[in-house]
Amino acid sequence: MAKIQMKTPLVEMDGDEMTRIIWQMIKDHLITPFVDLKTEYYDLGLVKRDETDDQITVDAANACKKYGVGVKCATITPNAQRMTEYNLKKMWKSPNGTIRAALDGTVFRAPIVVKGIEPCVRNWKKPITLARHAYGDVYKNAEIRIPGAGKAELTYTAADGSETRELIHEFRGAGVLQGIHNTDASITSFAHSCFKYAIDTMQDLWFSTKDTISKTYDHRFKDIFREIYETEYKARFEEIGIEYFYTLIDDAVARVMKSKGGFIWACKNYDGDVMSDMISSAFGSLAMMTSVLVSPSGVYEFEAAHGTVQRHYYKHLAGEETSTNSVATIFAWTGALRKRGEIDGIDALVTYANDMERAVLWTIESGRMTKDLALITSRDDIVVLNTEQFIQAVRKKYEEIA
């Protein structure tokens, strides 16, 4: 068959370790045989980020703004161990955090539901979509090590030079200090994204923070959401029969566990990071979750929600066989290609993405899967495939469909 032609490039952001290996396999077996792939390529592997003083991450984010659609591989956010392992100049910040801050959007994550992989929470019947604010909090923090006794204060200096001060803590000895921030503009964008996504998908929207403890910071989130809902979205929500409500995050956790699913749960940046991992794991696997960053200006960045699968990478380097789940990375590519097709009016590209996702699900439902799913499936007639065998099985199924 003739390859599907693209008009506009995707922004392709390569990554690290085992996911980098899978990234190339997916391109070789599932994309380039069927699509005349056009991308603007950025290597966000840790080595290249260190070489460029992380400028390449900023360049990739700007390219996403230019072209409107990006797809990103999982990347390493270095800790002290990684500093030594890769001989880094400094402990670079999360590339995801840098990109999200630049695009100022909302990350929507939802589990990929497939027959034979039942959620750990038995009453969950529908996917739960996690809407994660993608700016600020701990991901844009400033922090220092306190060497000894002294006074720490929060200070705001206005444009006219006047100051507002708030005592943080009187240290009697050594400790640590962290400062986080957010902006009304970013919180407002977050709220609009969540309300619009709820309307587009016809799902209830839950929002949760800890405003009883954080009476200024978290309460500002609560207030902005309430004001925007009341003035701009309430009538539309009521018209189509969906609900918005706010609750404390501890209450939300309890409600989520007892729910049947089928709604959007909006959280602040760190809460969303943790809760999305909990939801994806409870639905089956961290490698079975879609993730897309949507900016207020209409930029889309698709990625896998999991890490670089370090342990499998070391096995791969040692020449050992791996059985690494590639589903979330495949869906990152199909999500980006579908969106590119929708924006550019290429129906064949949209159909390709839909059919490839069906091929993934049907491969698993036929009993052919990677080891992580084989350990939790309710099916008896399964065949455990290694990393590349699974991708090849998906290709075979796609060719049957197409």
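Predicted model only: the values in this text are computed from it and were never measured. By convention here, the first residue in the shown sequence is residue 1. The basis for the numbers below is simple: all heavy atoms, side chains too, and nothing from hydrogens, waters or symmetry mates.
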Lys3 side-chain N/O to Thr32 backbone N/O, donor-acceptor pair under 3.5 Å:
yes
Could you go through Asn96 and Ser94, starting from their C-alpha distance and side-chain angles, then the distance that decides it, and tell me whether this counts as side chain to side chain donor-acceptor pair (under 3.5 Å)?
CA-CA 5 Å; Asn96 288 343; Ser94 162; 4.7 Å; no
Give a yes or no on whether Arg311 atom CZ has more than 12 heavy-atom contacts from other residues, nucleotides or ligands under 6.0 Å away.
no
Answer yes or no: is there a side-chain heavy-atom contact under 4.5 Å between Ile76 and Arg49?
yes
Angle class for the Tyr313/His316 ring planes (parallel below 30°, perpendicular above 60°, tilted otherwise)?
parallel
Give the C-alpha distance, both sets of side-chain angles, the deciding distance and a yes or no for side-chain contact (heavy atoms from CB on, under 4.5 Å) between Trp124 and Met257.
CA-CA 8 Å; Trp124 286 355; Met257 297 304 290; 4.1 Å; yes
Chi angles and distances behind the salt bridge (charged side-chain N to carboxylate O under 4.0 Å, His left out) call for Glu85, Arg82:
CA-CA 5 Å; Glu85 180 183 356; Arg82 297 294 203 169; 3.2 Å; yes
Got Val138 and Asn269 here, is their nearest side-chain heavy-atom distance under 4.5 Å?
no
Is the closest side-chain heavy-atom distance between Val58 and Asp54 below 4.5 Å?
no
Report the relative orientation of the aromatic rings in Phe302 and Tyr300; use parallel for angles under 30°, tilted for 30 to 60°, perpendicular for over 60°.
parallel
Which atom names give the shortest non-hydrogen contact between Lys222 and Asp211, and what distance separates them?
NZ-OD2, 3.6 Å
Give the C-alpha distance, both sets of side-chain angles, the deciding distance and a yes or no for side chain to side chain donor-acceptor pair (under 3.5 Å) between Thr19 and His306.
CA-CA 9 Å; Thr19 45; His306 57 75; over 6 Å; no
Can you confirm whether Val294 sits close enough to Phe108 that some side-chain heavy atom of one is under 4.5 Å from a side-chain heavy atom of the other?
yes
Find out whether Pro95 and Met13 are in side-chain contact, i.e. whether some heavy atom of one side chain is under 4.5 Å from a heavy atom of the other.
no
Check: Gly45 main-chain N/O paired with Asp14 side-chain donor or acceptor under 3.5 Å
no
For ring pair (Phe, Tyr, Trp, His ring centres under 6.0 Å), just list the numbers for His181 and Tyr135, CA-CA rounded to whole Å, side-chain angles, deciding distance to a tenth of an Å, and then say yes or no.
CA-CA 9 Å; His181 78 280; Tyr135 178 79; 5.4 Å; yes
With distance as the sole test, does Arg379 use its side chain to make a donor-acceptor pair with the main-chain N or O of Glu365 at under 3.5 Å?
yes
Check the angle between the aromatic planes of Tyr229 and Phe237 and answer parallel, tilted or perpendicular using the 30° and 60° thresholds.
perpendicular
Start with the C-alpha gap between Glu40 and Tyr67, add the side-chain angles, then the distance that decides, and say whether side-chain contact (heavy atoms from CB on, under 4.5 Å) holds.
CA-CA 9 Å; Glu40 184 163 306; Tyr67 291 107; 2.8 Å; yes
Donor-acceptor pair, side chain of Thr377 and main chain of Ala374, under 3.5 angstrom
no
When rounded to the nearest 0.5 angstrom, what distance separates CG in Leu88 from CG in Asn79?
9.5 Å
Are Phe225 and Cys194 side-chain neighbours, meaning at least one heavy-atom pair lies under 4.5 Å?
yes
Report the C-alpha separation of Tyr314 and Glu17 in whole Å, then their side-chain angles, then the decisive distance to 0.1 Å, and conclude whether the side-chain contact (heavy atoms from CB on, under 4.5 Å) test is met.
CA-CA 8 Å; Tyr314 292 156; Glu17 299 189 319; 4.1 Å; yes
What distance do Leu205 atom CG and Ile264 atom CD1 have between them, rounded to the nearest 0.5 Å?
6.0 Å
For Gln178 and Asn141 the tightest heavy-atom approach is NE2-ND2, 3.0 Å
Within 6.0 Å of NZ in Lys93, more than 12 heavy atoms from elsewhere:
yes
I would like to know whether Thr8 and Asp344 meet side chain to side chain donor-acceptor pair (under 3.5 Å); could you show each step before the answer?
CA-CA 7 Å; Thr8 313; Asp344 291 350; 3.0 Å; yes
One pair to check against side-chain contact (heavy atoms from CB on, under 4.5 Å): Thr387 and Thr370. What are the steps and the verdict?
CA-CA 7 Å; Thr387 306; Thr370 47; 6.0 Å; no
Glu163 side-chain N/O to Gly161 backbone N/O, donor-acceptor pair under 3.5 Å
no
Is a side-chain N or O of Thr329 found less than 3.5 angstrom from the main chain of Ala304, in a donor-acceptor match?
no
Approximate separation, where rounding is to 0.5 Å, of Tyr244 OH and Glu238 CD:
14.0 Å
Heavy-atom side-chain proximity of Lys65 to Ser295 below 4.5 angstrom
no
Taking NZ in Lys234 as the centre, count heavy atoms belonging to other residues, nucleotides or ligands within less than 6.0 Å. Is the count above 12?
no
Between Tyr398 and Tyr352, is the ring centroid distance below 6.0 Å?
yes
For the pair Arg395 (side chain) and Leu30 (backbone), establish whether a donor and an acceptor sit closer than 3.5 Å, ignoring hydrogens and angles.
no
Ile364 and Met369: which non-hydrogen atoms are nearest, and at how many Å?
O-CE, 3.5 Å
Around atom OH of Tyr217, are there more than 12 heavy atoms from other residues, nucleotides or ligands closer than 6.0 Å?
yes
Closest heavy-atom contact between Thr322 and Asn386?
O-CB, 3.1 Å
Could you verify whether a donor N or O on one side chain and an acceptor N or O on the other, from Trp265 and Ser208, lie under 3.5 Å apart?
yes
Less than 4.5 Å apart, any side-chain heavy atom of Ile228 and any of Phe195?
yes
Pairs flagged by salt bridge (charged side-chain N to carboxylate O under 4.0 Å, His left out) wherever residues 135-149 is involved - sequence neighbours left out
none
NZ/Lys315: more than 12 non-hydrogen atoms of other groups inside 6.0 Å:
yes
Using modelled atom types and a 3.5 Å cut-off, is there a donor and acceptor pairing between side-chain atoms of Thr334 and backbone atoms of Phe331?
yes
Within a reach of under 6.0 Å around NZ of Lys260, are more than 12 heavy atoms found that belong to other residues, nucleotides or ligands?
no
Where the side chain of Ser276 meets the backbone of Gly272, is there a donor-acceptor pair that is under 3.5 Å apart?
yes
Shortest non-hydrogen pair, Val299 vs Cys64, comes out as CG1-O, 3.5 Å
Around atom NZ of Lys38, are there more than 12 heavy atoms of other residues, nucleotides or ligands at under 6.0 Å?
yes
Would you say CD of Glu166 has more than 12 non-hydrogen atoms from neighbouring residues, nucleotides or ligands within 6.0 angstrom?
no
Closest non-hydrogen atoms of Leu46 and Asp16, given as atom of the first, atom of the second and distance, are N-OD1, 2.8 Å
Mind checking the OG-CZ spacing from Ser291 to Arg109? Nearest 0.5 Å is all I need.
4.0 Å
What's the separation between atom CG in Asp204 and atom OG in Ser259, rounded to the nearest 0.5 Å?
10.5 Å
Of Asp250, Asp218, Asp271, which meets side-chain hydrogen bond (donor to acceptor under 3.5 Å, both in side chains) against Lys210?
Asp250
Out of curiosity, Ile168 CD1 to Leu154 CG, how far, rounded to the nearest 0.5 Å?
5.0 Å
